[in-house]
2 protein chains.
Amino acid sequence: MSDRENGQTTQPRATMQDVARAAGVSLKSVSRVINAEPHVSQKLLDKVQAAIHELRYVPDTAARSLAGQRHFMLGVLLDNPSPHYTMRLVAGAYEACRQHRYTLQFDNIYAAEGPGHQAERIEQILHSSRLDGMILTPPTSDVPELLDSLERKGLPYVRIAPGQDTERSARVTVDDRDAVRQVADYFWERGHRRFGLVRGLWSHPSSRIRRDAFVERLRSHSPDVSIIEADGDYTFEGGLRAGEELLSARRPATAVFASNDDGAAGVMTAAMRLGLKVPHDVSVIGFDDSWVAKSVWPSLTTVRQPLEEMGHAAAQMLISRALGGHHGTFANRHFEHRFIERGTVRTIA
Amino acid sequence: MSDRENGQTTQPRATMQDVARAAGVSLKSVSRVINAEPHVSQKLLDKVQAAIHELRYVPDTAARSLAGQRHFMLGVLLDNPSPHYTMRLVAGAYEACRQHRYTLQFDNIYAAEGPGHQAERIEQILHSSRLDGMILTPPTSDVPELLDSLERKGLPYVRIAPGQDTERSARVTVDDRDAVRQVADYFWERGHRRFGLVRGLWSHPSSRIRRDAFVERLRSHSPDVSIIEADGDYTFEGGLRAGEELLSARRPATAVFASNDDGAAGVMTAAMRLGLKVPHDVSVIGFDDSWVAKSVWPSLTTVRQPLEEMGHAAAQMLISRALGGHHGTFANRHFEHRFIERGTVRTIA
DNA sequence: TTGTAGGCGTTATCAC
DNA sequence: GTGATAACGCCTACAA
């Protein structure tokens with residue numbers, strides 16, 4: 001292993017003492033400057049900042065954490081993550097942390113192991129790590145036991161794209177409903193009248209939301225519009241099965257909305273296997289603009305959420321709160337999705 | 001935001017003091033037990049462990065970090081990650097950390113911002129965080145400036161799947177060369193004689209390794225075998241372009257090896273656009289067994305690496321070292337890939 | 001085998 | 001406005 005003992009000894013990091021000495025002020029004054037406390041004269045400020053810069057001083061997180069209430073560390077909670085979705089969220093959160101010299105701690109919880117395990121794991125995490133806040137990524141945003149634990153512990157948290165019980169806490173949201181309405185209208189305006197819907201994992205709230213919005217919107221255009229629904233589970237295989245069902249019906253759909261991109265890719269494959277061409281014979285729209293959207297041909301028309309920004313916002317909310325932000329009221333940052341037109345929808349003459 | 005002030009105050013965590021008092025021993029004795037130091041009588045051990053259990057005592061990481069040499073925190077360095085690959089690695093590393101009550105810190109570096117930025121960022125990270133070790137995931141495993149910084153700082157690190165200068169440090173490896181030979185043989189044994197190769201991102205060492213192994217192995221079967229090469233860049237689009245080039249040649253390949261799955265998906269799409277059926281008209285093999293491998297039809301024959309285990313091993317190496325492991329010699333954990341037969345290769349009569 | 005004293009680098013309290 | 005001084009929770013000496 002690369003060895004710490006090799007080579008010349010790294011010179012030790014400067015401490016607050018060093019800075020205080022160099023600037024000719026007291027420890028507490030340096031502390032004040034670092035924490036941007038009020039009541040510091042300009043002159044003192046300058047001296048201290050010069051010394052800090054000179055010595056390349058960086059406060060020691062461990063010491064701060066031990067002595068104070070803040071820990072300069074945020075956690076992200078992931079569950080068996082859809083890698084693309086999650087990584088974009090995390091990348092955004094990481095940037096926010098970096099800007100404020102926070103550390104981002106990675107935490108993984110496997111829903112697959114059952115709810116008991118999840119509760120147990122979060123308790124362990126909360127009991128053994130010192131965090132200033134926790135970011136819950138879907139689908140952890142919608143696990144009540146998790147929220148209970150967090151609140152019992154008194155740890156601030158932000159939920160990303162929660163599907164239910166939204167008002168309960170701080171959150172970062174997108175309007176799935178509105179996005180799906182846009183999808184429905186897009187199909188409708190291009191002349192489609194027979195629709196297929198691939199539902200997501202039914203246990204997940206987002207799944208119902210997307211389904212309901214799609215159906216309601218189309219009904220608002222014409223109450224007895226034809227909509228065939230099939231169960232997907234947010235996977236390619238699920239989409240494949242659902243697609244075969246939808247497209248081999250007696251009067252098959254000409255336009256299929258899948259609740260996410262993986263499902264849409266499955267539908268496209270189903271079409272191909274049935275000898276149907278996309279978009280000539282059947283149009284498809286997905287959701288997420290994930291990796292696969294550009295890994296199919298034609299590339300997939302879909303809806304993109306600003307995940308990096310959402311992750312960034314979540315971390316930012318937690319950090320400003322730790323910096324002494326607004327208490328008592330639940331923040332809510334809302335983001336706009338973007339409809340991405342690509343090649344999988346055809347206009348019917 | 002979910003409010004810390006709400007609800008009853010959480011009772012403070014037990015400290016070593018509390019444990020010592022409860023067990024009727026000194027502070028140091030508790031410390032000894034926690035750190036599994038020698039010279040503790042069974043009786044004392046029992047008493048202390050009982051008290052620890054009773055009080056649900058967990059040592060405070062910040063305090064330990066401040067007072068001692070260990071920080072119970074590992075970092076993973078990612079670069080603009082291929083989400084699927086990276087997340088599997090990270091999930092493995094996380095598990096190892098969890099088992100030993102270590103924390104996993106997330107760090108992201110963007111090669112896209114240029115090598116200068118990378119060096120600067122790692123310096124910042126190293127200067128401001130207290131880590132026991134760092135895990136380098138590809139492609140960061142092969143950035144010499146990063147290794148230099150790490151060594152200058154004296155921070156132990158493990159490289160995952162390094163492509164060059166392998167002996168320089170501790171590492172977790174797979175035998176790409178061997179895997180690719182297996183791919184070549186698999187094609188060969190099924191009667192293929194005209195080959196296509198989609199190269200990866202040429203700046204990345206793995207790319208050359210895979211290319212050379214493929215070509216050499218086929219030449220060993222027959223020195224003047226036909227191999228058409230085309231540049232991909234590890235992306236779907238790159239594979240698409242390369243595929244069109246390979247498959248529209250005068251005597252097109254019947255078997256194409258793409259240096260990763262995304263590229264292979266591109267090749268499959270290229271085939272489809274040219275009216276070629278996979279695997280009937282052209283066989284394809286990818287590399288990685290990433291998400292897309294199962295999101296195409298037929299699903300992709302490919303090579304799978306045990307990424308979770310590799311991540312686990314990397315973290316484990318760092319942790320045992322921090323626990324006082326072997327110094328001075330570079331560890332090397334090797335893992336076996338697995339060839340995954342699926343539906344994209346046909347046997348030629 | 002066990003215990004005591006001192007210090008790690010910062011924040012909090014309370015004087016000046 | 002500024003500065004002593006005491007925590008914070010643990011580990012490292014060293015002593016018993």
Side-chain angles (χ1 to χ4, degrees), chain A residues 11-49 51-52 55-73 101-103 127-130 132 322-324, chain B residues 11-49 51-52 55-73 101 127-130 132 322-324:
Chain A
Q11 66 176 19
R13 288 165 47 156
T15 76
M16 215 160 96
Q17 282 285 6
D18 302 329
V19 176
R21 207 167 7 242
V25 300
S26 77
L27 265 185
K28 180 61 198 175
S29 292
V30 179
S31 177
R32 285 207 176 86
V33 171
I34 288 174
N35 296 303
E37 285 173 34
H39 311 310
V40 279
S41 69
Q42 185 63 43
K43 201 172 134 219
L44 193 151
L45 188 80
D46 292 341
K47 277 196 299 188
V48 172
Q49 283 183 329
I52 288 177
L55 298 172
R56 296 193 65 211
Y57 169 70
V58 178
D60 184 316
T61 313
R64 296 230 266 185
S65 174
L66 184 56
Q69 331 293 328
R70 297 157 60 197
H71 307 103
F72 303 91
M73 178 128 88
R101 293 183 173 286
Y102 267 62
T103 288
H127 188 70
S128 63
S129 38
R130 288 179 173 282
D132 291 324
L323 286 171
Chain B
Q11 66 177 15
R13 288 166 46 158
T15 76
M16 215 160 96
Q17 282 286 5
D18 302 329
V19 177
R21 210 170 1 245
V25 301
S26 76
L27 265 184
K28 179 61 201 176
S29 292
V30 181
S31 175
R32 284 207 177 85
V33 171
I34 288 176
N35 297 302
E37 287 174 35
H39 311 309
V40 278
S41 69
Q42 185 63 44
K43 199 171 136 222
L44 192 150
L45 188 78
D46 291 342
K47 276 196 299 188
V48 172
Q49 283 184 328
I52 287 178
L55 298 173
R56 298 194 62 213
Y57 169 69
V58 177
D60 183 315
T61 313
R64 295 230 269 186
S65 175
L66 185 57
Q69 329 295 327
R70 296 157 61 197
H71 306 104
F72 302 91
M73 177 128 87
R101 292 183 174 285
H127 189 69
S128 62
S129 39
R130 288 179 173 280
D132 291 324
L323 287 171

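At least one donor-acceptor pair closer than 3.5 Å links the side chain of B:N35 to the backbone N or O of B:S31. Under the 3.5 Å distance criterion, the side-chain polar atoms of B:D132 are left unmatched by any main-chain donor or acceptor of B:R70. In this structure, the side chain of B:R13 engages the main chain of A:H127 through a donor-acceptor pair within 3.5 Å.
Between the C1' atom of D:dG1 and the NZ atom of A:K43 lies a distance of 12 Å, rounded to the nearest Å.
Applying the salt bridge (charged side-chain N to carboxylate O under 4.0 Å, His left out) rule to B:R101 yields no partners; only residues at least two apart in sequence or on another chain are considered.
The shortest distance between side-chain heavy atoms of B:T15 and B:D18 falls below 4.5 Å. Here the side chains of A:I34 and A:V19 are not in contact, with every heavy-atom distance at 4.5 Å or above. In this structure, B:M16 and B:Y57 have side chains that are in contact, with non-hydrogen atoms separated by less than 4.5 Å.
Considering all non-hydrogen atoms of both residues, B:A62 and A:L66 come closest at CB-N, 4.2 Å.
Taking 4.0 angstrom as the limit, A:S26 places none of its side-chain polar atoms (N or O) nearer than this to OP1 or OP2 of D:dA4.
With a cutoff of under 4.0 Å to any heavy atom of chain B, the contacted region of DNA chain C is bounded 5' to 3' by C:dT1 to C:dG9.
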### Message
Return a single string for nucleotides 8-16 of chain D, one symbol per nucleotide in 5' to 3' order, where B is base contact, S is sugar-phosphate-only contact and - is none, cutoff 4.0 angstrom on heavy atoms.
### Response
BBBSB----
